[in-house]
Structures are given as C-alpha cells and as structure tokens.
Amino acid sequence: MTDFTNLLELAVHLGAGDAALISAADITVKDELAKMCFEPRCEGYGNSLSCPPLVRGPEAFRKFQPEYEKALVFKLEVPMDVAMTLERNEVLALIHEISARIETSARKHGLQRAKAFAGGSCKALFCADYPECRVLDEKKPCRNPHIARESMSGYGIDVTKLMTTAGWEQQRWDKNNKENATVTFTGMVLLD
Ligand code: SF4
C-alpha cells in the first residue's frame, strides 16, 4: 500500500499551511465554474498550455478522474492585503511549485501518473518577460516544465467543495475584522 505521509509532509515543508488526502472520486467539476475562464474572458485564456482552451474543461477531467485513487490537496492562507496586490503572483507561483514538486516526488516513488494542478496563468507568472508562450508560439517545449502546471479553474474544479472535503473551514468575510481577513489559495495533485 502506498504511504502518502511523505507527500503530505513535503507539501508543508515546501510552504503549504496544511495538506490533506481525499478520495479522487470526491472531486467535483462544474461546467459553470469552467465557463468563468471565458465569460468574461480571462486575460490568461488562450495564452498558455496551462489554461483553456488547451485545458479542456470538466468533460476531459471526468474522463481521467477514474484512473486516480487519491488526491493530495494543499492550501496557503494569505492576508487579504497581500492577496489583493501583485504580491499574490508570488503566492500563485508557489502553488505551482509545490504542486509540481509533489508530482515529481510521487512519480519518483512509483506513482507514474501523478498529475499536478495549480492556479493562475503560467504565462503571467513565469513567462511575463516573453511576448508569447513558447509551446503555443514556437511549438517547442515549455520553458518551465519543472513548475508550470495546469489550472484547476480551467477544469471547473469546485475548490470550495474540495476544501470542505479536506476538512477545512471556509473563511467568512467579516467587515469588522478586515485586518485579520485571509484568502485561501489551493493546489492539488492526483495520485494513482
Ligand atoms: S512556455 Fe511559459 S507560458 Fe508556455 S506553458 Fe510554459 S510556462 Fe506557460
């Protein structure tokens, strides 16, 4: 039987506030969530390998979901005043990195089909200094294969439900306690 403890510890070691294992079958994807990438159109849409339309939405997710037994989900709680500024890009980049490194470690330990997901356009996070995504523009390999991962939003993954399934409480917005308000960022790795 696979011991996932090391992967959970790795997530925290890399900077996650918490990590949990859930059944892959408990992940819900919704068409209306995936639609938010293109109505109104996100600036990341069509700009990289990691966003729609190359991330092919809920129907594609439902096809490979049964191949996986577990999902490792992790989260970072970030103060609201950080989440609302460009500093959020550092958090999103960290989500990509944690997810990718868990995927790499899982594969090294025999979970060959481990598949990582993150959030935020990899074009904006890792290739902002280039006019185009190298994969889309030049048909060449990604410049950042060690960190750039596909968007959870593009697959319509219900992150709110993911957090509930992981046993994490939802943060409630309290207008009287703005200075302590936080925003939760999440990543996920499917494990076979
Ligand atoms: S080349 Fe850059 S924009 Fe394209 S998939 Fe890789 S990280 Fe994303």
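One-based numbering, in listed order, for ligands and for the atoms of each. Because the structure is predicted, anything quoted here is derived from the model rather than measured.
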Do you know which two heavy atoms are closest between S48 and L54, and how far apart they sit?
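What the structure gives for the nearest pair is O-CD1, 4.0 Å.
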If I compare all heavy atoms of L190 with all of A24, which pair ends up nearest, and what's the gap?
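Closest approach of L190 to A24, heavy atoms only: CD2-CB, 4.2 Å.
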Atom indices of ligand 1 within 4.0 angstrom of [X] heavy atoms, with elements:
X    : result
S48  : 3 (S), 8 (Fe)
A148 : 7 (S)
L49  : 5 (S)
C127 : 1 (S), 2 (Fe), 3 (S), 7 (S)

Side chains of E150 and S50 only: does a donor on one sit below 3.5 Å from an acceptor on the other?
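No, no side-chain donor-acceptor pair sits under 3.5 Å.
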Short N-O contact, E43 and K123, less than 4.0 angstrom:
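No, E43 and K123 are not salt-bridged.
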Which of parallel (below 30°), tilted (30 to 60°) and perpendicular (above 60°) describes F117 and Y155?
perpendicular
Is there a side-chain contact between L49 and C122 in this structure, where contact means two heavy atoms from C-beta onward sitting under 4.5 Å apart?
no
Just checking: C133, one of its N/O/S atoms, less than 2.8 Å away from atom 4 (Fe) of ligand 1, yes or no?
yes
Shortest protein heavy-atom distance from atom 8 (Fe) of ligand 1, along with the residue and atom involved
C122 SG, 2.3 Å
N/O/S from C142 sitting under 2.8 Å away from atom 8 (Fe) of ligand 1:
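So C142 does not count as coordinating atom 8 (Fe) of ligand 1.
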